[in-house]
Amino acid sequence: QVHVTKSGGGLVQVGGSLGLSCVASGGTFNEHAMAWFRQAPGKEREFVAGISWSGVTTYYADSVKGRFTISRDNAKHSAYLHMSTLKLDDTAVYYCASGKTGWPEQSISEYADWGQGTQVTVSS
């Protein structure tokens, strides 16, 4: 079973960039899709970006398409989210998740293991 163990966040100005990372363990990382979700105060947790087990297929929420990039390094059991041209609406707690399968589904129910979440705050 894959477990998401680490992630990072920070404070950044509008229009800036920030990178997030997480590390999974459990011995089957290479077989699972990875994804990033986020949750802002008063809102439901939402899908941000997902990547297939091979890294070939990616999906992005419309709100971040063209600004965020998801990637993975299977040798390091790691997943990354590079965020650029950040907006105030990007402020949220971001979660890294490992999928039940190798396909990057957009539903929360399709992910089995979750990181602790990290705060990303975009300020003007």
Side-chain angles (χ1 to χ4, degrees):
Q1 184 68 42
V2 173
H3 299 282
V4 178
T5 59
K6 294 182 179 180
S7 63
L11 175 66
V12 65
Q13 292 184 335
V14 170
S17 299
L18 185 67
L20 302 179
S21 63
C22 70
V23 179
S25 63
T28 58
F29 177 84
N30 293 357
E31 300 177 358
H32 296 255
M34 298 293 293
W36 291 91
F37 290 78
R38 68 186 182 186
Q39 186 168 17
K43 296 184 178 181
E44 296 293 323
R45 184 168 42 180
E46 65 176 354
F47 175 85
V48 176
I51 187 167
S52 65
W53 69 272
S54 65
V56 172
T57 301
T58 58
Y59 287 110
Y60 296 92
D62 289 341
S63 60
V64 307
K65 192 174 298 182
R67 300 188 299 117
F68 290 11
T69 301
I70 187 172
S71 62
R72 67 188 297 159
D73 185 341
N74 286 351
K76 297 182 178 180
H77 294 184
S78 299
Y80 309 93
L81 184 69
H82 183 262
M83 304 179 290
S84 64
T85 319
L86 283 161
K87 304 175 180 179
L88 292 176
D89 287 347
D90 294 322
T91 295
V93 175
Y94 284 71
Y95 298 88
C96 180
S98 176
K100 296 178 180 179
T101 71
W103 188 253
E105 302 284 353
Q106 300 182 39
S107 175
I108 293 174
S109 65
E110 297 298 325
Y111 293 85
D113 294 293
W114 296 78
Q116 77 277 21
T118 187
Q119 178 70 47
V120 172
T121 301
V122 183
S123 63
S124 60

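When a residue number appears, it is its place in the shown sequence, counting from 1. Atoms considered below: every heavy atom in the structure, side chains included; atoms not considered: hydrogens, waters and symmetry mates.
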Exercise: identify the closest heavy-atom pair between Ser107 and Ser109: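 Looking at all heavy atoms of both residues, the closest pair is OG-OG, 2.9 Å.
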Which atom pair, heavy atoms only, marks the closest approach of Ser124 to Leu88?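 That closest heavy-atom pairing would be N-CD2, 4.0 Å.
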Does any N or O in the side chain of [X] come within less than 3.5 Å of the main-chain N or O of [Y], such that one atom is a donor and the other an acceptor?
X: His82; Y: Gly19; result: no
X: Tyr111; Y: Ala33; result: no
X: Ser84; Y: Arg67; result: yes
X: Arg72; Y: Gly55; result: no
X: Thr91; Y: Val122; result: yes

Membership question, hydrophobic clusters at under 4.5 Å side-chain separation (ILVMFWY): are Tyr80 and Tyr95 in the same one?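 Different clusters: Tyr95 never reaches Tyr80 through Ile, Leu, Val, Met, Phe, Trp or Tyr contacts under 4.5 Å.
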With a 4.5 Å cut-off on side-chain heavy-atom distances among I, L, V, M, F, W and Y, is there a chain of contacts connecting Val93 to Leu11? no
May I ask you to test the Arg38-Ser63 pair for a side-chain heavy-atom distance under 4.5 Å? yes
Using side-chain heavy atoms (C-beta onward) and a distance below 4.5 Å, is Met83 in contact with Val120?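 The answer is yes; the side chains approach within 4.5 Å.
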What is the distance from atom [atom1] of [X] to atom [atom2] of [Y], rounded to the nearest 0.5 Å?
X: Phe68; Y: Leu18; atom1: CZ; atom2: CG; result: 9.0 Å
X: Trp53; Y: Glu31; atom1: CH2; atom2: CD; result: 8.5 Å
X: Glu110; Y: Ser98; atom1: CD; atom2: OG; result: 12.5 Å
X: Ser78; Y: Met34; atom1: OG; atom2: CE; result: 8.5 Å

Val64 and side-chain contact (heavy atoms from CB on, under 4.5 Å): which partner among Val48, Ile70, Leu81, Thr85? Val48
Are more than 12 heavy atoms from other residues, nucleotides or ligands located less than 6.0 Å from atom CD of Glu46?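 Buried by this count: over 12 neighbours within 6.0 Å.
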Could you check whether Tyr59 and Phe47 have their ring centres less than 6.0 Å apart? no
Are Phe37 and Trp114 close enough that their ring centers fall under 6.0 Å? yes
Can a salt bridge be assigned to the pair Lys87 and Asp90 using a cut-off of 4.0 Å between side-chain N and carboxylate O? no
